[in-house]
Amino acid sequence: MKLNPAALFGEHMILQRDSELKIWGTSRENDTVTVELNGEKASSPVINGEWMVTLDPQPACFKTAMTISSLLTEETITFKDVAIGEVWLATGQSNMEFLMKYDFDLPETKELPDDEYLRCYTTPQSAYLGYLELDSRPARGFWRKWNTYDNRINFSAVAAYMGMILRKKLNVPVGIISCNWGGTPVTAWTALEDIEANPALQPVLKWHQDACDSTNWPKYMAASDRKPAPISPQQQRFNDRFMMGEDMSEFFKNFDPSKLPPVDFAPYNPGPRSIVRPAGLYEQMLKKTAPYAIKGVVWYQGEDDDAREWVDFYDESMKTMVACWRKLWGWTFPFFQIELAPFQGVGVTGAKKYDVLRHKQHQAAEETEDMYDVCILDAGEQFNIHPRHKKIVGERLGRIVMKHVYGDKSLVADCPELEKAEKTGNTVTLSFENRADGLKVRGCLRSALKVMTDNEPVEYDAEINADKLIITGQFDNKKVRIEYCEANYAPAILFNSENNPVYGFTCEVE
């Protein structure tokens, strides 16, 4: 075995400023590995083939180099063009994975100036040991700069737009570690011991175990060992159409997965080599990024848990996962969660309980220390599960991160949230937090606001009075129930003066 740093360490990498830096990898047994950065050295023995060096915190810098050397093999590896600044882990499923090449604003974005100090590392996708040898992707596993067109289009769009905000505000290098896989549930990213410890998550374990119990293991293992066929031009065209939001409603309306021919191995079905199995991606992908020093995590996911009808315990899934990750890194880093965008869809790909899942996301954030929830009710598309307006999402995320992590209190970054509802006669007055200089309506309020008495919709009038929403009607001393954006596809109508959408809500007043 030769000296081999972990894959995250390489040319153009960005390291976290003002934080202990863990550098690790493999080498021959009984070797001693030394790492040098900006004149500071530290060494580590090799135990069971592995080594880890800890360097003291260093301030931001735009240009340095890291040298890693082996005493036993006399190898020396030098990584040039290393920077020290802010590092964020961007993770989730396909909407965080969503590449800049699919983004609606790409024509404008590609004309932006080069930025040598906005960089992204995309983690190779791996479902099980040996997977990378079967399905390696040359576009992953190294640090890219925001310079050439080919580099830019391979950034996560959400993470790139967030990174641009941080670069502008902080004027230090910004690195994104993109660790994603489309169509995966929360539990795939969570340690098995933590899933087992939460009674609410036992349905996931049962689902997986039941499938494993009925598996023909010789056929399964033989089929999963075969190298997948290259993606055909037709399949690539389908993938691009799907990500670009082209109308595919007829395809999905008539698509019936039960009529597909049986296969011995399908990576999205449960099994010991499944992409979606409990703890699989935690073991094969996330743990390979830890303990690389980060400032925090941004997360965009939830569609898969909705599809699998795991919405009712999604808050428990998220709280368990966040606690698991913080245990892995050894500290309570800030965690930012992006709520699901409005979506309806058709057929088997249609949304089921997006409105409920958004509330579960919000609840998880409220019940977890230093966790924040980002509303994007203004960034959805009715029949596109991959809405293409990622600039709205990434820039809003960047402002919220700047406020809560870097202390920029000048930003009115948070989205408005219902604070209280009061009823006087036939008038209900709704007050909101984070309203900035007041509320405003964009579009038809009635399309998103439902008012009911005795569980029946009633006629009403509504108006904005500075920072309040006033609703009047013939309520006849009855209990009034008000719902706003409580549907799968429920585009935002109410905003604050900073164009941040109001969270969906339900309230009752007497």
Side-chain angles (χ1 to χ4, degrees), residues 7-8 10-14 81 83 85-125 135-168 173-184 230-246 248 285 289 298-301 338 341 376 379 381 384-398:
L8 265 166
E11 298 282 322
H12 317 308
M13 65 180 164
I14 294 181
D81 191 27
E86 295 297 292
V87 179
W88 283 83
L89 177 63
T91 184
Q93 58 179 111
S94 53
N95 271 306
M96 184 63 89
E97 185 181 1
F98 188 97
L99 298 178
M100 184 63 80
K101 69 178 180 179
Y102 300 122
D103 186 63
F104 179 85
D105 292 297
L106 177 63
E108 170 190 333
T109 302
K110 72 180 183 181
E111 300 301 326
L112 294 174
D114 289 348
D115 187 344
E116 293 285 312
Y117 300 105
L118 175 61
R119 303 178 186 176
C120 179
Y121 175 91
T122 303
T123 306
Q125 292 180 332
D135 191 29
S136 61
R137 298 189 182 188
R140 300 173 181 270
F142 60 93
W143 285 88
R144 293 179 181 272
K145 296 181 179 183
W146 183 264
N147 49 14
T148 67
Y149 178 73
D150 182 65
N151 276 347
R152 293 184 185 203
I153 63 174
N154 282 289
F155 271 63
S156 156
V158 168
Y161 285 121
M162 180 195 78
M164 292 177 204
I165 294 286
L166 270 55
R167 281 282 296 126
K168 181 178 180 180
V174 173
I176 305 294
I177 299 173
S178 184
C179 185
N180 310 284
W181 203 320
T184 57
I231 296 177
S232 67
Q234 295 82 0
Q235 181 64 46
Q236 186 60 55
R237 173 57 182 153
F238 175 90
N239 294 346
D240 289 341
R241 286 183 60 202
F242 189 37
M243 297 304 292
M244 292 290 286
E246 294 185 19
M248 303 176 73
M285 290 181 65
T289 69
V298 291
W299 170 266
Y300 189 167
Q301 189 272 346
I338 299 169
I376 58 166
E381 296 177 32
N384 185 8
I385 200 170
H386 302 119
R388 296 180 60 214
H389 290 270
K390 294 296 193 267
K391 186 176 182 180
I392 296 171
V393 180
E395 291 188 345
R396 181 170 299 143
L397 175 63

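- Atoms NE2 and CG, from His389 and Asp105 in turn, are 7.0 Å apart once rounded to the nearest 0.5 Å.
- Residue Leu166 holds its CG atom at 8.5 Å from CG of Leu397, rounded to the nearest 0.5 Å.
- Side-chain atoms of Arg119 do not come within 3.5 Å of backbone N or O of Ile176 as any donor-acceptor pair.
- Closest non-hydrogen pair, Val158 versus Val393, comes out as CG2-CG1, 4.1 Å.
- Taking SG from Cys120 and NE2 from His12, the interatomic distance works out to 13.5 Å, rounded to the nearest 0.5 Å.
- Between atom OH of residue Tyr300 and atom OG1 of residue Thr91 there is a gap of 14.0 Å, rounded to the nearest 0.5 Å.
- Here the rule is side-chain contact (heavy atoms from CB on, under 4.5 Å) with Thr109, and of Tyr161, Phe155, Phe104 only Tyr161 fits it.
- For the pair Ile376/Ile338, a side-chain contact is recorded, criterion being any heavy-atom separation below 4.5 Å from C-beta on.
- The side-chain hydrogen bond (donor to acceptor under 3.5 Å, both in side chains) check on Lys145 picks up Asp81, Glu116, with sequence neighbours excluded.
- A salt bridge is defined here as a Lys NZ or Arg NE, NH1 or NH2 lying under 4.0 Å from an Asp or Glu carboxylate O, and Arg144 with Asp150 meets this definition.
- To the nearest 0.5 Å, atom CH2 of residue Trp143 and atom CG of residue Leu8 are 6.5 Å apart.
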Item checked: Chi angles and distances behind the side-chain contact (heavy atoms from CB on, under 4.5 Å) call for Lys390, Phe98 -> CA-CA 9 Å; Lys390 294 296 193 267; Phe98 188 97; 3.8 Å; yes
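- Across Trp146 and Ala160, no two heavy atoms sit closer than the pair CZ3-CB, 4.1 Å.
- Closest approach of Cys179 and Thr123 over heavy atoms only: CB-OG1, 3.7 Å.
- Scanning both residues, Thr289 and Ile177, for their nearest heavy atoms gives CG2-CG2, 4.3 Å.
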Margin query: If you apply the rule side-chain contact (heavy atoms from CB on, under 4.5 Å), what do you find for Asn154 with Arg140, and how did you get there?
Written below: CA-CA 9 Å; Asn154 282 289; Arg140 300 173 181 270; over 6 Å; no
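- Proximity of a side-chain donor or acceptor of Gln125 to a complementary backbone N or O of Asn180 within less than 3.5 Å is detected.
- When all heavy atoms of Asn95 and His386 are compared, the pair lying nearest together is OD1-CA, 3.4 Å.
- Side chain of Trp181 to backbone of Glu97: no donor-acceptor contact under 3.5 angstrom is found.
- Here the closest non-hydrogen pair linking Ala379 and Pro387 is O-CB, 3.1 Å.
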Next item on the list: Take Met100 and Leu106 through the side-chain contact (heavy atoms from CB on, under 4.5 Å) test and state the conclusion after the steps.
Entry: CA-CA 7 Å; Met100 184 63 80; Leu106 177 63; 4.0 Å; yes
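- Distance alone, capped at 3.5 Å, places no donor-acceptor pair between the Arg167 side chain and the Asp115 backbone.
- Going from atom CG of Leu118 over to atom CG of Leu112 covers 10.5 Å, rounded to the nearest 0.5 Å.
- Salt-bridge check for Lys110 with Asp103: failed, with every basic side-chain N at 4.0 Å or more from each acidic carboxylate O.
- For the pair Ser178 (side chain) and Tyr121 (backbone), a donor-acceptor distance under 3.5 Å is absent.
- Counting only distance, with no hydrogens or angles, the side chain of Thr184 and the backbone of Gln93 share no donor-acceptor pair below 3.5 Å.
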